[in-house]
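All figures in this text were calculated on a predicted structure; none of them were measured in a lab. Convention: sequence-line order gives letters A, B, ...; per-chain numbering from 1.
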Amino acid sequence: MRIFLRRLKKTNKISFISFWIIVFLYLLAIFADFVSPYPYDLQHRDYPMAPPTKIHFFDKEGKFHLRPFVYKTELVNVAFNEYREDYSKIYPIKLFVKGKKRKILGIFETDRYLFGVEGEGKIFLFGTDIHGRDIFSRILYGARISLSIGIIGVSISFFLGLLIGGISGYFGGKVDAFLMRIVEIFMMFPSFYLMLALRAAFPINLSSIQVYLLIVVILSLIGWASLARIIRGMVLSIKEEEYVQAARALGIPTYRIVLKHVIPNTFSYTITALTLSVPGYILGESALSLLGLGIQEPYPSWGNMLSVCIGNLRVLTNAPWMLIPGFFIFLTIICFNFLGDGIRDIFDPKKW
Amino acid sequence: MNILEIKNLEVSVKTIDGNVKILRDVNLSIGENEVVGLVGESGCGKTMTARSIMKLLPENTKIDKGEIFLQGEDIVKKDEREMRKIRGGKISMIFQEPSSYLNPVFTVGSQIEEAVKGIRDKRERRERVYKILEEVGLDRSIYFRYPHQLSGGMQQRVMIGMALVNNPSLLIADEPTTALDITTAHMIIELLKKLMNSHRVSILFITHDISLSVYFSHRIAVMYGGKIVEISHSSEIFKNPLHPYTERLIACLPERYRKGEKIKAIEGEVPDFKSLPPGCPFNPRCPYKMKICEEREPEERKVGKSIVRCFKYGNTVEN
Amino acid sequence: MEILWKIENLKKIYEVKSEFTKKKVVAIDGVSFEIYKGETFGIIGESGSGKTTLGKTIIRLIEPTEGKIFFRNTDISEMKETHLRPLRKKFQIIFQDPYKSLNPRINALRTVMEGMDEKLKMKEKREKAEYLLSLVGIKKERINNFPHQFSGGERQRIAIARALSTDPEFIVCDEPTSNLDLSIQAQILNLFLELREKLNLTYLFITHDIKVMKYISDRVGVMYKGKIVEIGKTEKVINSPSHPYTEKLISSELKIHQIP
Amino acid sequence: MRRYVINRVLQVIPLIFGMTFISFLIIHLPPGDPFSKLQMDPQISRETIQQMRKLFGLDKPVVVQYFYWIKNVFTFNLGTSFSYHVPVSFLIKQKLKNTIALSVFSIFLTWFISIPLGIFAAIKNGKWEEKFLSFIAYIGISIPSFFIAMLIVFFVAKTAILPIGGTTSIFYKSATGFEKFIDYLKHLLIPGISLTLAGIGSLFRLMKNNFLECLNSPYVITAKAKGLSMSKVYYKHTLRNAINPMITIFGYELSGILSGAALVEIVTNWPGMGRLILEAVLSQDFYLVMASLLIGGILLVTGNLIADILIAFADPRVRLR
């Protein structure tokens with residue numbers, strides 16, 4: 001791993017940075033209970049569609065405070081969604097602030113959050129949604145869905161693809177012809193149509209866990225085909241490599257040839273392909289949730305947080321911070337894309 | 001007058017580890033209607049020499065020093081526009097693998113035709129192509145064929161036709177027969193011989209095959225480690241090789257041994273440009289190595305009609 | 001003389017599928033010959049003549065379409081792979097391109113150890129591999145290096161050591177020197193001859209180079225369009241060829257190369 | 001050449017047959033009969049169910065049902081929509097037109113922009129122009145198409161320069177033919193531009209890489225050795241070879257375009273297949289889902305077929321085997 005990172009740093013700086021951003025995002029998702037100032041479903045009734053809270057260093061008199069603080073805000077005009085700051089009292093932002101008891105990852109119980117303000121003041125880093133829920137907190141909890149589905153979905157597709165592509169490529173003949181026809185048929189459906197059709201086969205209203213599993217299954221069913229085809233192609237060409245023929249000539253059994261000569265030589269490609277296909281799964285989940293077919297309210301996912309913006313021009317124009325989850329989707333995807341390219345560079349002997 | 005005269009040519013390539021010299025102090029001349037063979041093992045700088053003459057060096061590679069006189073004019077100084085006129089005009093080039101050096105999506109006729117210079121009229125151009133096709137031994141109908149429809153030998157004939165269509169004074173042939181079967185290679189060499197006389201063109205014949213070079217060229221230049229270590233007449237080189245490398249290279253030819261007799265092989269491997277030894281590049285593999293060979297690079301000296309770089313022939317230059 | 005291999009009417013026909021049409025390509029068209037123990041039998045031919053296919057088919061790296069292959073009087077042409085596997089140790093192959101014939105992820109030592117007898121202990125395997133690598137001229141301090149750290153000639157040496165690791169009697173040499181420089185070719189040819197003496201090997205030596213052929217092989221078969229058109233003692237075939245194709249081949253070679 | 005085209009067209013038949021099977025299978029695979037629920041739905045008339053039962057063999061085993069469906073599919077009877085109470089084929093015909101218009105519009109725009117940019121970047125390889133464009137392309141590839149559409153809708157809503165949603169304005173009925181066309185085009189702009197922006201990045205990158213690869217190939221050295229001008233080297237020898245793989249890639253990209261189009265349609269309220277299939281899924285309108293999936297697949301197959309035939313025209317190695 002350390003060698004991997006050192007090489008990444010040397011060959012491709014942006015990928016190296018992307019790698020650490022991804023790690024950071026995953027850490028945020030894991031410790032969402034601790035980092036987020038509010039629970040994901042806590043509705044601040046008095047603050048619907050509140051804009052991001054302004055963080056101040058200077059008070060009304062122009063006095064500098066080392067500790068940043070916020071003012072309390074108040075909704076003054078419902079029609080135009082106008083908020084006004086109340087300058088009478090300052091609420092300093094504190095680290096490890098005390099709050100309601102929560103369990104981090106369902107294990108460690110704590111009543112301290114990473115940051116927050118005490119008393120009447122509220123801090124909404126990214127504003128609130130129409131129900132007055134803190135978007136920042138919801139993004140952190142939503143990251144758990146969006147980021148985990150990418151990894152789990154890719155793993156399942158990869159397993160299917162490696163198995164089916166490997167069998168198809170190594171054994172060839174009728175097995176290959178049959179499997180590849182199926183792959184072709186799957187690849188000839190536009191993936192979005194296939195995704196919706198697969199979703200249609202199941203009831204619309206399902207519990208959160210059921211939906212989560214369903215999304216993973218659907219995305220894997222869509223993704224396996226192209227991976228299988230690529231791996232088959234690689235296996236076919238590696239099978240013809242002279243070092244594989246030499247291994248056969250040495251009398252090495254087939255399973256050991258596959259394990260020691262064929263599969264390891266697909267890795268440089270598959271690891272790259274894997275990284276580059278994570279975005280597809282994140283996108284798939286967001287799209288399903290966006291359309292109301294995925295993760296259901298009140299639980300947040302980056303996709304369903306955006307769904308309020310569809311066909312709702314009033315929300316969109318008055319509270320553009322509702323689009324922030326979209327930027328997180330973008331950030332994650334671009335980081336995975338950079339990382340994938342970096343990994344490809346590492347494995348490319350020409351770039352050394 | 002010499003068609004081509006290369007003087008003190010130095011070429012280097014930029015790599016991650018800094019500049020690496022790949023040609024050092026190359027001196028070579030080619031007379032009128034002469035074939036000069038440039039012989040050496042892979043990675044000795046043959047192709048780079050050819051590309052320098054065309055000024056078609058790969059990226060990051062550049063001429064550091066030296067002059068290349070083409071009929072008295074130094075082409076190192078010429079800019080890209082002037083070079084465009086020279087390429088395909090006065091100098092042209094053929095390559096090792098005709099299949100990849102021909103563009104797969106155009107007919108071979110049109111590829112020859114676009115090389116034609118100085119003729120504006122379309123019909124005349126076409127006639128010119130037909131004529132050159134006949135000269136290289138191909139039927140007119142080949143004009144409308146695509147490269148993949150031709151055999152390797154025919155493709156090389158097309159390349160030769162394309163190179164000679166403007167009656168150049170110098171043809172650079174970079175291993176033109178290496179990728180071909182022996183029977184085809186023989187026909188291509190015979191064709192080149194014939195055309196050399198009818199077109200009065202000089203040829204720089206690059207090959208790793210020293211006996212082929214002896215068969216085809218008048219003089220032979222042997223390269224090693226980015227330098228020309230010996231230039232001799234081809235009738236001399238087998239009889240009386242001067243440089244130890246030439247001598248040992250000839251000794252590596254299996255045809256000079258009886259069946260099963262041990263070949264007097266050269267020990268070791270051709271050095272990488274990045275790790276050339278100090279002094280004479282051949283010194284680690286040389287059976288006649290002296291102390292001075294590791295200290296200093298030998299200068300060119302004349303021995304009879306030949307030129308050689310080796311301290312065996314004295315360590316001072318007498319001229 | 002003892003007959004090691006007897007090939008009878010061997011055929012290999014490929015079916016090339018393109019869209020809905022099937023085209024048949026005859027790579028080997030009914031070839032019969034014998035290889036004697038201890039000799040070097042040469043196959044010469046131009047590209048596309050089927051010589052490499054023939055070399056690989058004999059040792060069943062390519063399945064024959066028709067014909068019989070006897071190795072020491074056992075017909076291996078239809079033997080099941082599981083039965084064939086122990087026999088495979090007796091015949092090995094060395095490929096043309098040393099850059100493709102070694103697995104880039106396995107180091108030199110393990111490359112040579114891989115095919116050895118399962119009964120050997122790890123330490124014995126290691127010692128044997130080290131011995132074989134030193135036999136072919138790879139220095140001990142480099143045996144843990146990976147293929148990309150070796151030059152073409154060195155890689156070919158490792159491939160030879162790998163072929164020797166199963167104590168074979170017979171090796172198919174598929175143009176083993178045609179991708180190498182002249183000075184390296186000389187070293188490798190010397191190595192082949194040395195090993196033949198030392199280990200009592202029989203070679204099937206495939207090449208397109210008549211000079212190499214003349215130097216190394218005792219008998220030679222000339223291949224043309226999937227058939228062996230002429231077979232005989234090397235000197236006889238070269239000095240007085242009887243088939244017109246052989247004659248053309250030899251005369252081209254003689255004209256441009258000086259064969260003393 | 002003719003044989004190649006005929007063969008290629010014939011290959012499509014088993015493929016489409018397989019697709020009908022998969023379409024059917026997906027809907028019928030999960031346990032439980034989706035149609036039993038329908039009978040309890042008061043919205044659906046007895047007659048519709050009776051009629052469909054006869055036509056599609058709803059009370060028969062699943063395999064038999066498939067053959068009923070297939071038989072009907074080949075007579076262009078795709079069944080009746082439960083929620084709209086009209087033939088599915090009627091609904092699809094209406095929406096398909098808009099989806100095709102959107103896809104074709106954005107494909108043309110995407111190619112028109114990304115091909116020249118790709119060539120430019122390849123020629124400037126390593127210089128700041130290339131680095132800048134490549135970075136922008138990275139961003140383009142990484143922004144989800146629906147998010148681009150949202151940002152554009154947000155921008156347009158703020159500035160109100162274009163109509164949002166639908167295909168026509170209120171005055172459509174009274175407009176002349178040309179005005180109608182312009183109006184349609186104006187409505188097409190938001191989804192069209194969204195989809196284009198989502199597609200440019202990857203196409204640009206492919207073109208750049210193809211062009212670079214061709215620039216480094218031996219035949220370009222030959223062209224230079226002939227003394228041809230740089231414009232001939234670039235725009236004749238390199239471009240012709242760099243474009244060929246792009247045609248093949250077009251087939252692959254089409255899947256992404258259709259999927260992207262569907263999402264963009266939903267976000268920008270463009271009445272195409274995307275909206276149709278979403279509504280069908282939400283209302284569990286099975287015949288509509290099956291038919292939409294099949295039609296989407298057929299669109300893609302057709303696109304690939306066209307690409308394959310085009311490549312045969314462009315590349316003599318395919319044409320003259």
Side-chain angles (χ1 to χ4, degrees), chain B residues 39-44 151-153 177-190 192-193 207-216 224 234-235 237-239 245-246 248-272 282 285, chain C residues 40 42 44-49 137 150-155 157 177-194 196-197 207-219 224 233-235 238 245-260:
Chain B
V39 178
E41 296 178 274
S42 55
C44 67
S151 69
T177 59
T178 308
L180 303 174
D181 284 324
I182 184 72
T183 46
T184 322
H186 177 229
M187 286 190 283
I188 293 292
I189 291 291
E190 292 305 320
L192 281 174
K193 271 188 162 178
T207 180
H208 65 271
D209 186 340
I210 192 162
S211 39
L212 176 61
S213 180
V214 165
Y215 173 72
F216 184 41
Y224 190 83
S234 56
S235 53
I237 207 154
F238 270 123
K239 269 187 272 167
Y245 176 61
T246 320
R248 300 307 303 267
L249 193 65
I250 291 168
C252 283
L253 293 167
E255 60 262 37
R256 299 180 81 83
Y257 296 84
R258 277 180 290 115
K259 188 191 301 302
E261 194 184 351
K262 191 167 179 187
I263 303 176
K264 290 196 200 99
I266 315 176
E267 308 246 311
E269 307 235 345
V270 179
D272 199 335
F282 189 59
R285 304 172 79 186
Chain C
T40 299
I44 193 156
E46 302 193 327
S47 54
S49 60
F150 291 100
S151 71
E154 288 166 332
R155 284 168 182 235
R157 289 170 191 271
T177 62
S178 63
N179 278 19
L180 303 175
D181 274 323
L182 190 57
S183 63
I184 310 300
Q185 168 175 292
Q187 297 169 359
I188 298 289
L189 286 178
N190 277 343
L191 182 61
F192 273 123
L193 288 176
E194 200 183 302
R196 188 174 70 174
E197 296 290 301
T207 180
H208 65 266
D209 189 334
I210 296 173
K211 298 157 288 173
V212 171
M213 182 59 60
K214 194 181 170 207
Y215 172 72
I216 202 157
S217 50
D218 305 307
R219 288 191 312 133
Y224 180 60
K233 286 253 180 228
T234 311
E235 287 74 19
I238 290 179
Y245 173 73
T246 321
E247 214 180 307
K248 192 180 158 201
L249 196 70
I250 307 275
S251 73
S252 303
E253 184 73 52
L254 279 178
K255 273 179 195 148
I256 55 180
H257 291 111
Q258 308 171 326
I259 302 186

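By the side chain to side chain donor-acceptor pair (under 3.5 Å) test, Ser183(C) is found to be paired with Glu41(B), Arg285(B), residues two or more places apart in sequence or in another chain being considered. With sequence neighbours excluded, no residue forms a ring pair (Phe, Tyr, Trp, His ring centres under 6.0 Å) with Tyr215(B).
Contacts between Ser217(C) and chain B at a heavy-atom distance below 4.5 Å involve the backbone alone (N, CA, C, O). Looking at Asp272(B), neither its backbone nor its side chain comes within 4.5 Å of chain C, counting heavy atoms on both sides. Proximity to chain B (any heavy atom under 4.5 Å) is restricted, for Leu189(C), to the side chain, taken from C-beta onward. When heavy atoms are compared at a cutoff of 4.5 Å, Leu193(C) approaches chain B solely by way of its side chain, counted from C-beta outward.
The one candidate from Glu190(B), His186(B), Met187(B) that meets the side-chain contact (heavy atoms from CB on, under 4.5 Å) condition with Ser252(C) is His186(B).
For Asn190(C) (side chain) and Lys262(B) (main-chain N/O), no donor-acceptor pair under 3.5 Å exists by modelled atom type. A donor-acceptor distance shorter than 3.5 angstrom exists from the side chain of Tyr215(C) to the backbone of Glu261(B), with no hydrogens or angles considered. At distances below 3.5 Å, not a single donor-acceptor pair connects side-chain atoms of Glu255(B) with backbone N or O atoms of Ile210(C).
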**Prompt:** Please walk me through it: do Glu269(B) and Ile184(C) pass side chain to side chain contact (heavy atoms under 4.5 Å, CB included)?
**Reply:** CA-CA 7 Å; Glu269(B) 307 235 345; Ile184(C) 310 300; 4.0 Å; yes
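A distance of 11.5 Å separates NZ of Lys248(C) from CD1 of Ile182(B), quoted to the nearest 0.5 Å.
Here Gly268(B) is the residue among Gly43(B), Gly268(B), Gly152(B) with the most heavy-atom pairs under 4.5 Å with chain C. The residue among Ile189(B), Leu253(B), Asp209(B) with the most heavy atom pairs within less than 4.5 Å of chain C is Asp209(B). Of the listed residues (Val270(B), Leu180(B), Ile266(B)), the one with the most heavy-atom contacts under 4.5 Å to chain C is Ile266(B).
Salt-bridge annotation for Lys259(B) and Glu235(C): present, with a side-chain N of the basic residue lying under 4.0 Å from a carboxylate O of the acidic one.
At most 12 non-hydrogen atoms from other residues, nucleotides or ligands lie less than 6.0 angstrom from NZ of Lys233(C).
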